[in-house]
Each structure stands twice: as structure tokens, then as C-alpha cells.
Amino acid sequence: MRILHIGQHHELLGGAEVHRENVIHGLDARGHVNGFFGGSSEQEIDEPLRRVLCRPAWNSQSLVRDEDLERALWKFAGQFRPDVVHVHQTPYFPTELYDQLAALGVPIVQTAYDYGLLCTNSWGVLGDGTPCSGGPGAKCFENGCEKNYPFSPAAVWTAKRRLDLVRDLVDVVICPTEHMATMLGDHGIRNVVKLPYFPAAKDLEPVSLHERSRRTLLVVARLEREKGVDRAIHAFAEVLLRVPDAELEIVGEGPERDALQRLAERLGVEHTVRFTGRLSPEETTERIARSCALLLPSLWMEALPLITFDARATGTPLVGNRIGGITAAIDDGVDGYLVDAADPASFARGMERLLLDDVHWQSVSVATRKRFSQYTEAHHLDGIEQVYGRAGREYRLSAPLDLEELDARAVEDHLIRHVGSLEGELASLRGGLTGRLLKVERFAAMLVSRALELRGTLTRSAPHRGQPVGLDAAPPRASGKGSRRRA
């Protein structure tokens with residue numbers, strides 16, 4: 001089978017990209033031919049099985065269409081001739097991408113790595129941090145969600161459009177948890193298949209307690225707000241009050257690093273908190289295997305962190321925030337602990353149970369490894385192949401479009417893209433005007449209120465009872481020294 005994989009980032013920026021490449025390599029080993037088309041902010045690649053277009057990751061002007069990407073995709077797809085398309089992470093690729101892929105005349109499969117199909121900024125929570133039922137629209141503005149991660153009105157419109165296109169054009173959607181599968185189904189996405197991940201590293205073995213850094217707690221994450229690393233530092237400061245020889249190691253890089261280091265200094269724990277920066281996958285796995293516990297303090301609705309599978313394979317217990325897919329990764333009190341990461345005391349208690357009781361740690365580690373045994377690369381790849389077969393059966397177009405006919409549709413495509421672009425601009429204008437109109441209405445209401453107050457004041461001070469002075473009456477003249485009233 002010839003499989004065309006689509007992904008926004010060529011580089012391995014996170015778990016989604018690591019998992020995508022592991023799937024590609026695994027399918028290669030099974031005899032499939034895999035091609036990849038994607039973007040990069042750093043490099044351009046033009047090879048028979050890999051086409052990477054150098055473009056900015058985020059560009060508000062290309063959320064609907066991107067002519068350079070369109071031309072490169074058609075050329076690569078025409079040369080590769082796929083039997084199936086597998087869409088991975090593409091949050092900032094143009095929404096028009098789905099129409100282009102549908103025109104290839106082959107089944108389309110998509111993996112949902114996060115809640116991005118249901119949320120403009122992929123966080124899946126409202127402005128106050130509570131979980132959202134999903135669905136881009138007016139509530140994205142009504143609940144202050146832009147406080148979590150800023151977005152424009154155009155981004156909300158394109159997120160809604162993307163969800164509509166996935167409903168209409170994608171044949172099967174893969175997701176890692178039952179929670180996400182239910183939410184996707186609630187929003188009208190048909191043919192959702194739950195398929196958990198597998199460890200990124202191969203041939204992992206459990207590591208006994210005496211081989212570990214017994215007092216080391218670990219966070220592996222991008223240093224960005226949604227990962228909640230600041231909560232782990234706050235909770236760790238509580239841990240040190242009862243476990244003074246504990247250490248916190250933070251593996252990862254990102255824009256929040258300086259702020260997190262300042263937080264550690266402000267809390268007086270800078271000497272026991274180590275920032276390693278980004279490490280290689282092998283080094284990261286080694287740190288997981290040697291730590292006492294892996295912490296998952298995320299604020300947003302994680303789908304199912306890939307790193308949890310490496311932890312399970314090595315018998316490393318998990319302590320994570322009770323939100324989203326993290327709840328599927330931990331059986332509370334059995335193979336880890338679910339905590340309220342916003343409450344440092346709650347988070348600290350979960351860590352201390354593993355730090356202070358060796359017997360308890362051993363039982364949790366054994367339970368963690370038992371749960372891991374069912375999640376293997378072979379199981380996942382079997383599932384992927386079954387999904388491709390299912391997508392083929394679900395595919396409804398009986399006459400696939402020949403790529404050579406695309407030129408005959410140029411005018412129609414041109415019009416469709418311009419209509420989409422105009423709709424996006426109108427949505428953006430509408431969002432901006434709505435905000436301005438609300439401000440005008442509030443100002444007008446204030447003026448009316450002040451006018452009524454002034455009218456009441458003038459009425460009480462009117463010179464003739466029963467004849468109130470109106471707002472349009474001339475103000476009384478000030479009488480100068482020596483002046484007198486006419487008879």
C-alpha cells in the first residue's frame with residue numbers, strides 16, 4: 001500500500017511528530033511505501049518520498065489558502081500516487097487542504113493527537129480552566145478562551161470550517177482515548193476508532209528501585225504555559241518541607257524557561273530544581289527510567305501524552321493532573337496518582353507517597369508495567385492497517401478524479417478559494433465590529449444615565465414649581481456684582 005502522510009512539522013517538536021515518524025518507520029518495515037508531505041520553518045526538502053516546504057508555522061493569511069503549499073502538494077501527490085492519505089498534525093495548514101486531498105480520489109484517515117478539532121487553541125478548556133464540551137464558535141469569545149492562548153476571530157472561523165470538512169471528507173478518525181472518541185462523536189465526526197499509542201523507545205525494560213535516583217522527580221515537557229510546569233515547581237516547594245533531599249528535574253525547552261527559573265528562585269528551590277534543556281530521545285528515556293516518578297502537571301486537555309508509555313515500560317509511576325487524557329493514563333492509587341495540580345498540597349501528597357514508602361512504590365511500579373504490556377508497536381500497527389482497510393470500505397466516491405484533470409477545474413477551484421478567503425475576512429471583521437459596537441452601546445448607556453441624573457438635578461432646582469427645566473433649556477445667567485432683576 002502507498003500511504004501519503006501529511007504533517008505540519010517535519011521536525012520532531014513533540015510527541016505527535018515522534019509518534020508519526022515511528023508509525024512511518026513501522027509501516028516501512030511491513031512493506032508499505034510511505035511518503036511524507038509537510039512544512040518546516042527551517043528547511044526545504046524535495047525527495048521522492050519526502051517533500052517539505054519551508055514556510056512559517058503560523059500565518060493568519062494562509063489559514064484558508066496557501067498557493068505555494070497547494071502547488072507543492074499537487075506535484076508531490078501526482079508523483080507519489082497514494083492509495084490512502086493519513087493526516088497527522090495540521091492545525092495551521094489551510095482548511096482548503098481537505099478539499100485538495102479529497103480530489104485525489106482515495107480514502108482519508110486522520111489521527112487526532114489533541115483536542116484541536118474541537119477547540120480553536122487546542123486547549124479544550126474555558127478561560128477559567130474548566131473543561132469545555134468543544135465546538136469552535138461564539139463561546140470561544142464569550143468564555144475568555146483567548147486568555148489561555150491568543151487567537152483572532154479568523155482563527156475561530158477556520159477552526160469551525162476545519163471541523164465541518166473533517167465531518168464531510170475524512171473517512172476514519174483515530175484517537176487515543178475513549179474520552180476523546182466520545183467527544184468527537186458528539187460533534188458529528190463519524191467512524192472514530194480508539195487506538196492507544198506505544199512507547200517511542202524500543203526494547204525498554206523495567207528498572208528496579210535501587211537502580212534509580214530515589215529522590216528525583218521528573219517533568220518532561222515543552223516549557224509553555226499549557227504544560228503547567230509552574231504548578232509542578234510550586235508543589236515541589238511543598239514536598240521539600242517534608243522530603244528535604246528531594247530533587248526536581250525538568251527536561252525540555254521553550255519560551256517559559258526564564259520565567260520558570262525565576263519562579264524557582266522566588267520560592268527558594270533553585271538549588272534543587274535542574275533545567276536540562278532539550279535532550280535526545282535516548283537521554284530522555286534514560287532520565288524517565290532512573291527517576292522516582294514522572295509528573296504530568298498540564299493545564300490543558302492532554303489527549304494521551306506519549307511519554308507515559310515510556311514510563312509504563314520502565315515501571316516509572318505517574319503523578320498527573322486530573323484532566324483530559326491524563327485520567328486515561330493513570331488508575332488512581334493503583335499505578336499512579338491523579339491530583340489537582342492547581343492545589344500544591346494535593347499535588348505534593350501524590351509525590352510524597354512515592355518518595356517516602358519503598359514498599360508502596362514497588363507495588364505501583366509493578367501495576368504500571370502490567371498495564372503497559374498490552375500497548376505494543378505491533379498492536380498499534382495492526383490497528384493502523386485495519387483502519388486503512390476500513391477507510392477504503394467507507395470511501396464513497398466510485399470515480400476517483402484523475403490528477404491530470406485538475407487544470408480543467410482551475411476556474412472552479414479559484415472561485416471556491418476566493419469565497420472561502422472572503423468568508424474568513426468577513427468573520428474577522430464581524431468579530432471586530434461586534435466588540436466595537438458593544439463599547440459604543442455601553443458609552444451610550446452611560447450618557448443616557450448621566451443625562452437622566454442631570455435632568456433630575458435641574459428639576460429639583462427649577463425656579464418655578466411645576467415647570468421643570470428641560471435639558472434643552474438655556475442655563476441661568478450668572479449675576480454679577482451690583483446686578484438686579486428686572487421688574
Please walk me through it: do L209 and Q362 pass side-chain contact (heavy atoms from CB on, under 4.5 Å)?
CA-CA 7 Å; L209 184 59; Q362 293 282 8; 3.6 Å; yes
Answer yes if the ring centres of Y113 and H9 are under 6.0 angstrom apart, and no otherwise.
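Centroid distance Y113-H9: not below 6.0 Å, so no.
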Just jot down the salt bridge (charged side-chain N to carboxylate O under 4.0 Å, His left out) partners of D382, sequence neighbours excluded, or say none.
R30
So, using salt bridge (charged side-chain N to carboxylate O under 4.0 Å, His left out) as the criterion, who are the partners of R215 when residues are at least two apart?
D245
[X] bridged to [Y] by N-O distance under 4.0 Å:
X: R167; Y: D164; result: yes
X: R55; Y: D68; result: no
X: R287; Y: E282; result: no
X: R50; Y: E21; result: yes

Think R2 forms a cation-pi with F80, using NZ or CZ under 6.0 Å from the six-ring centre and within 45 degrees of its axis?
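Satisfied, under 6.0 Å and within 45°.
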Over all atoms of both residues, closest heavy-atom pair of [X] and [Y]:
X: A342; Y: R231; result: N-NH1, 3.5 Å
X: L218; Y: L248; result: N-CD1, 4.5 Å
X: A112; Y: L117; result: CB-CD1, 4.4 Å
X: E352; Y: E238; result: OE2-O, 4.1 Å
X: R190; Y: D168; result: NH2-O, 4.0 Å
X: L104; Y: L4; result: CD1-CD2, 4.4 Å

Just by modelled atom types, is the [Y] backbone N or O under 3.5 Å from a matching donor or acceptor in the [X] side chain?
X: Q8; Y: Y92; result: yes
X: T316; Y: L294; result: no
X: R225; Y: N148; result: yes
X: R20; Y: Q89; result: no
X: S62; Y: N59; result: yes
X: T90; Y: F93; result: no
X: D332; Y: L338; result: yes
X: R51; Y: D46; result: no
X: T368; Y: D335; result: yes
X: S365; Y: G315; result: yes

Results of side chain to side chain contact (heavy atoms under 4.5 Å, CB included) for [X] - residues two or more places apart only:
X: E286; value: R290
X: P317; value: L354, W361, V364
X: E265; value: E270
X: E224; value: R222, E226, P255

Keeping to residues at least two apart or across chains, list the salt bridge (charged side-chain N to carboxylate O under 4.0 Å, His left out) pairs with something in residues 354-365.
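Qualifying pairs: R214-D358.
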Applying salt bridge (charged side-chain N to carboxylate O under 4.0 Å, His left out) as the test, list every pair that has at least one member in residues 4-19; sequence neighbours left out.
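For residues 4-19, and leaving out neighbouring residues, there are no salt bridge (charged side-chain N to carboxylate O under 4.0 Å, His left out) pairs at all.
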pair [X]-[Y]: side-chain heavy atoms closer than 4.5 Å:
X: F347; Y: N321; value: no
X: H234; Y: L263; value: yes
X: L217; Y: L355; value: yes
X: E70; Y: D66; value: no
X: L53; Y: L73; value: no
X: N22; Y: E377; value: no
X: L101; Y: L169; value: no
X: T158; Y: V64; value: yes

Contacts of F198 that satisfy ring pair (Phe, Tyr, Trp, His ring centres under 6.0 Å) - sequence neighbours left out:
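With neighbours one apart ignored, the set is H19, H380.
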Tell me, please, which residues at least two apart from Y388 pass ring pair (Phe, Tyr, Trp, His ring centres under 6.0 Å).
H86
Heavy atoms of other groups near [X] [atom1], more than 12 under 6.0 Å:
X: H360; atom1: NE2; answer: yes
X: R242; atom1: CZ; answer: yes
X: Y375; atom1: OH; answer: yes

Applying side-chain contact (heavy atoms from CB on, under 4.5 Å) to N34 and L49, what does each step give before you reach the verdict?
CA-CA 7 Å; N34 294 272; L49 295 180; over 6 Å; no
Establish, from distance only, whether the side-chain atoms of S208 and H210 form a donor-acceptor pair under 3.5 Å.
yes
May I ask you to check whether H10 and E42 show a side-chain donor-acceptor distance below 3.5 Å?
no
Donor-acceptor list for residues 299-313 side chains, cut-off 3.5 Å, not counting sequence neighbours:
from: W300; atom 1: NE1; to: E302; atom 2: OE2; distance (Å): 3.2
from: E302; atom 1: OE2; to: K227; atom 2: NZ; distance (Å): 2.7
from: E302; atom 1: OE2; to: S298; atom 2: OG; distance (Å): 2.6
from: T308; atom 1: OG1; to: P305; atom 2: O; distance (Å): 2.6
from: D310; atom 1: OD1; to: A200; atom 2: N; distance (Å): 3.0
from: R312; atom 1: NH2; to: A329; atom 2: O; distance (Å): 2.9

Please determine whether side-chain contact (heavy atoms from CB on, under 4.5 Å) holds for the pair Y98 and V87, giving the CA-CA distance in whole Å, both sets of side-chain angles, and the decisive distance to 0.1 Å.
CA-CA 9 Å; Y98 288 94; V87 180; 4.3 Å; yes
Walk me through it: do I233 and I250 pass the test side-chain contact (heavy atoms from CB on, under 4.5 Å)?
CA-CA 10 Å; I233 296 175; I250 298 173; 4.1 Å; yes
For residues 121-143, please give each side-chain donor-acceptor pair under 3.5 Å, one per line with the distance, not counting sequence neighbours.
from: N121; atom 1: OD1; to: W123; atom 2: N; distance (Å): 2.9
from: N121; atom 1: ND2; to: C145; atom 2: O; distance (Å): 3.3
from: D128; atom 1: OD1; to: T130; atom 2: N; distance (Å): 3.1
from: D128; atom 1: OD1; to: T130; atom 2: OG1; distance (Å): 2.8
from: S133; atom 1: OG; to: K139; atom 2: NZ; distance (Å): 3.2
from: K139; atom 1: NZ; to: G134; atom 2: O; distance (Å): 2.7
from: N143; atom 1: ND2; to: K139; atom 2: O; distance (Å): 3.0

Roughly how far, to the nearest 0.5 Å, is CD1 of I45 from CZ of F37?
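Taking CZ in F37 and CD1 in I45, the distance rounds to 12.0 Å.
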